[in-house]
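Some notes on the structure that comes next.
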Amino acid sequence: MLSAAAAMISSRSGSIRVANAFSMPSSTRIAASRSPLLRYSALSSTANADTDTAADTTPTLINSRLSRAPLPSSLDARSVSDNVDIVLSHLTSRRASDGTLEAAKTISTLNTDRVSLIKKRDEALQRRNECSGQVGKLMRESKGQETEEIKGLKEMASQAGEDASGVEEELNKIESQVNTLLASLPNLLDDIVPDGDNDGANEIVNEWGDAQALPKKLGWTDDFEPLWHDDVATNLGGWNADAAVGMSGARFVSLTGSVARLERAISSYFLDRLVDRGYTEVSPPLVVSRSALEGTSQLPKFEEDLFKIVPESHTCNGEDAFLIPTAEVPLTNMHANQILEEADLPLSYCALTPCFRAEAGSYGRDTRGLIRTHQFYKVEMVKITTPETSDGEHHKLTRHAEECLEELEIPYRKMRLCSGDVGFSAQHCYDLEAWLPSTNEYREISSCSNTGDFQARRMALRYRPEVKQAAEDETAAPKKGGKKKKAKKPKPVLCHTINGSGLAVGRTLVAVLENYQTPDGDVVVPDVLRQYMGGMEILKKKQ
């Protein structure tokens with residue numbers, strides 16, 4: 001049964017509807033419609049209006065939703081069933097669809113059915129075993145002669161076995177249905193994530209740099225209007241979009257000459273910097289299987305955004321094959337279905353790869369330049385760690401991305417994404433947004449997400465905790481005359497995975513071209529990139 005609080009939750013605009021069994025004055029309903037916090041409070045105070053304990057029964061809300069503290073791990077069928085109020089509250093906070101909310105409720109119902117069927121199956125198996133045992137006993141007593149009683153017991157045992165098999169089939173169907181529904185549920189949110197409908201509700205955590213510092217240094221005058229990055233690149237003789245579109249279609253770009261070299265310099269700088277910070281550089285496959293994408297949760301929800309390879313061309317061990325949308329997929333999946341040792345964690349990886357995205361949901365948006373293309377380079381960071389160090393490693397990874405922008409002297413701001421904007425697999429996400437003077441705005445250049453154990457559960461990525469010293473001492477010093485006990489190995493625990501861009505190379509190129517352009521049409525090479533440009537300090541405008 002869903003509780004009253006769960007029954008109230010609806011998916012539209014974060015609304016929480018009050019069930020018909022409850023009534024509220026119209027003024028209270030109006031106030032409640034504006035805030036999830038007010039809606040919960042209004043329900044509780046109305047339902048307990050005749051008692052002095054209304055405040056005691058009001059659910060504790062953090063950022064207008066129930067805290068996930070009682071449910072620190074990602075979701076399985078049992079946790080959904082046992083904590084359906086929390087699950088629905090977080091889905092509502094994410095502005096989830098009606099279908100997603102119904103999926104959570106259906107999982108709860110199916111899990112109850114599953115428990116009942118397991119009991120029914122076990123009872124049938126017990127009947128079969130009892131009948132079989134009696135048959136054996138009677139056969140011994142009758143010296144192998146099959147009596148009518150024995151025949152009847154055999155029939156009963158056979159029927160009980162058929163009943164158990166039938167129930168097992170039902171259980172398999174339920175398990176398959178539950179797994180499909182679970183795959184459609186996003187991660188629960190960290191309590192720190194603010195409530196909001198879209199990116200307009202994201203929180204500014206901090207800002208770095210002065211948007212006027214580089215213009216002053218580069219001699220921008222008051223009447224100078226900074227050019228778009230594609231115009232800057234064209235002036236440098238390095239922009240050839242028409243040729244790319246002619247051979248590949250829309251949202252593809254070809255860079256040449258000094259602009260292509262600048263893009264390579266940015267990539268090399270990012271990789272070298274991350275290796276210096278302790279990351280292991282990886283050159284991963286660019287083609288991955290369906291199960292790999294399911295592990296990192298791009299599938300099944302986002303298949304329309306992926307580039308799928310036709311089976312006649314290639315499959316991945318018999319599975320559908322896709323071009324990677326991000327190196328997060330192969331980097332994290334390197335340890336799928338493995339049990340790691342706690343002493344080896346955290347693992348930190350980085351990789352430079354092209355990324356391929358169909359951008360199915362962005363028709364008509366950012367059609368100009370490099371902001372949103374089907375193919376782009378990105379340096380990806382991935383960390384695999386323990387629950388205890390997860391938050392700290394998330395902040396470290398984000399800081400490593402911030403340092404790249406600071407050394408490039410690109411002004412940026414750090415945003416904490418709100419509940420309606422945070423990604424499907426993330427429980428907490430920071431976006432770094434770089435300043436673009438051509439449009440006088442900040443644009444995302446890195447997204448750094450902590451997914452908790454959400455991805456690890458899907459790809460069976462676990463670690464074995466170290467045996468604590470106290471436990472080792474206890475087994476090492478047995479009581480007098482007693483035997484030394486061997487310390488038990490702790491059970492494997494799900495890892496936490498963290499990922500982020502360090503940074504998106506194309507968008508960094510955009511930021512460099514726009515922020516470092518001069519009124520003469522040249523581009524000054526940032527100091528940290530000059531060693532990768534053969535010492536070149538200025539990219540000259542072509543006459």
Donor-acceptor contact below 3.5 Å, side chain [X] vs main chain [Y]:
X: Ser67; Y: Ala69; answer: yes
X: Ser176; Y: Lys173; answer: no
X: Ser142; Y: Leu138; answer: yes
X: His90; Y: Leu66; answer: yes
X: Gln134; Y: Leu153; answer: no
X: Asp453; Y: Ser74; answer: yes
X: Ser425; Y: Thr451; answer: no
X: Asn111; Y: Ile107; answer: no
X: Thr332; Y: Val329; answer: no
X: Arg121; Y: Asp163; answer: no

Give me the atom names and distance for the closest heavy-atom approach of [X] to [Y].
X: Cys448; Y: Ala401; result: SG-CB, 4.3 Å
X: Leu331; Y: Glu380; result: CD1-O, 4.1 Å
X: Val422; Y: Ala426; result: CG2-CB, 3.8 Å
X: Lys105; Y: Leu88; result: CE-CD1, 4.0 Å
X: Ala351; Y: Ala327; result: CB-CB, 4.2 Å
X: Arg127; Y: Ala160; result: CB-CB, 4.1 Å

Above 12 or not: heavy atoms from other molecules or residues under 6.0 Å from [atom1] of [X]?
X: Met156; atom1: CE; value: no
X: Asn172; atom1: CG; value: yes
X: Lys396; atom1: NZ; value: no
X: Glu388; atom1: CD; value: yes

Does any non-hydrogen side-chain atom of [Y] lie less than 4.5 Å from one of [X]?
X: Val135; Y: Ser132; result: no
X: Tyr349; Y: Met381; result: no
X: His335; Y: Leu347; result: yes
X: Arg68; Y: Gln427; result: yes
X: Ser89; Y: Ile86; result: no
X: Glu203; Y: Met415; result: no
X: Leu503; Y: Lys378; result: no
X: Asp305; Y: Arg357; result: no

message: Between Arg416 and His428, does the side chain to side chain contact (heavy atoms under 4.5 Å, CB included) criterion hold? Intermediate values first, please.
response: CA-CA 8 Å; Arg416 178 178 286 114; His428 182 202; 3.1 Å; yes

Just how far is it from atom [atom1] of [X] to atom [atom2] of [Y], taken to the nearest 0.5 Å?
X: Ser184; Y: Asn179; atom1: OG; atom2: CG; result: 11.0 Å
X: Ser291; Y: Leu299; atom1: OG; atom2: CG; result: 9.5 Å
X: Ile174; Y: Asp113; atom1: CD1; atom2: CG; result: 5.5 Å
X: Thr106; Y: Leu101; atom1: OG1; atom2: CG; result: 10.5 Å
X: Leu181; Y: Ser108; atom1: CG; atom2: OG; result: 12.0 Å
X: Thr385; Y: Leu340; atom1: OG1; atom2: CG; result: 10.5 Å

With no hydrogens and no angle check, do the side chains of [X] and [Y] hold a donor and an acceptor under 3.5 Å apart?
X: Thr386; Y: Thr389; value: yes
X: Thr100; Y: Ser97; value: yes
X: Ser390; Y: Asn450; value: yes
X: Ser93; Y: Arg65; value: yes
X: Asn63; Y: Asp195; value: no
X: Gln126; Y: Glu130; value: yes
X: Gln298; Y: Thr296; value: yes
X: Tyr430; Y: His395; value: yes

Inter- and intrachain pairs under salt bridge (charged side-chain N to carboxylate O under 4.0 Å, His left out), touching residues 286-300, at least two apart: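 As it turns out, the salt bridge (charged side-chain N to carboxylate O under 4.0 Å, His left out) pairs with a partner in residues 286-300, which skip direct neighbours, are Arg290-Glu303, Arg290-Asp320.
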
field: Full working for side chain to side chain contact (heavy atoms under 4.5 Å, CB included) between Lys489 and Arg464
entry: CA-CA 8 Å; Lys489 280 188 175 182; Arg464 194 180 302 280; 4.2 Å; yes

field: Ring centers of Phe302, Phe424 separated by less than 6.0 Å
entry: yes

field: Ring centre gap for His496 and Tyr463 strictly below 6.0 Å
entry: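 No; Tyr463 has its ring centre 6.0 Å or more from that of His496.
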
- request: Tell me, with the steps shown, if Asp421 and Asn202 meet side chain to side chain donor-acceptor pair (under 3.5 Å).
  value: CA-CA 8 Å; Asp421 194 36; Asn202 293 343; 3.0 Å; yes

query: Got a sec, which residues hit salt bridge (Lys or Arg N to Asp or Glu O under 4.0 Å) with Asp82, two or more places apart in sequence or on another chain?
result: Arg78

Arg114 with Glu170: basic N within carboxylate O range, under 4.0 Å: no

- prompt: Does the distance from a Lys or Arg side-chain N to an Asp or Glu carboxylate O, for Glu123 and Lys120, drop under 4.0 Å?
  reply: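 Judged by the 4.0 Å cut-off on N to carboxylate O distance, Glu123 and Lys120 do not form a salt bridge.
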
message: Determine whether Lys137 and Arg140 satisfy the following criterion, side chain to side chain contact (heavy atoms under 4.5 Å, CB included), listing intermediate values before the conclusion.
response: CA-CA 5 Å; Lys137 179 181 178 184; Arg140 288 191 296 273; 3.8 Å; yes

task: Go through Thr112 and Ser81 one step at a time and tell me if the side chain to side chain contact (heavy atoms under 4.5 Å, CB included) criterion holds.
output: CA-CA 8 Å; Thr112 302; Ser81 183; 4.3 Å; yes

- prompt: Do you know which of Leu352, Thr353, Asn333 makes side chain to side chain contact (heavy atoms under 4.5 Å, CB included) with Pro284?
  reply: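 One option only clears the test, and that one is Thr353.
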
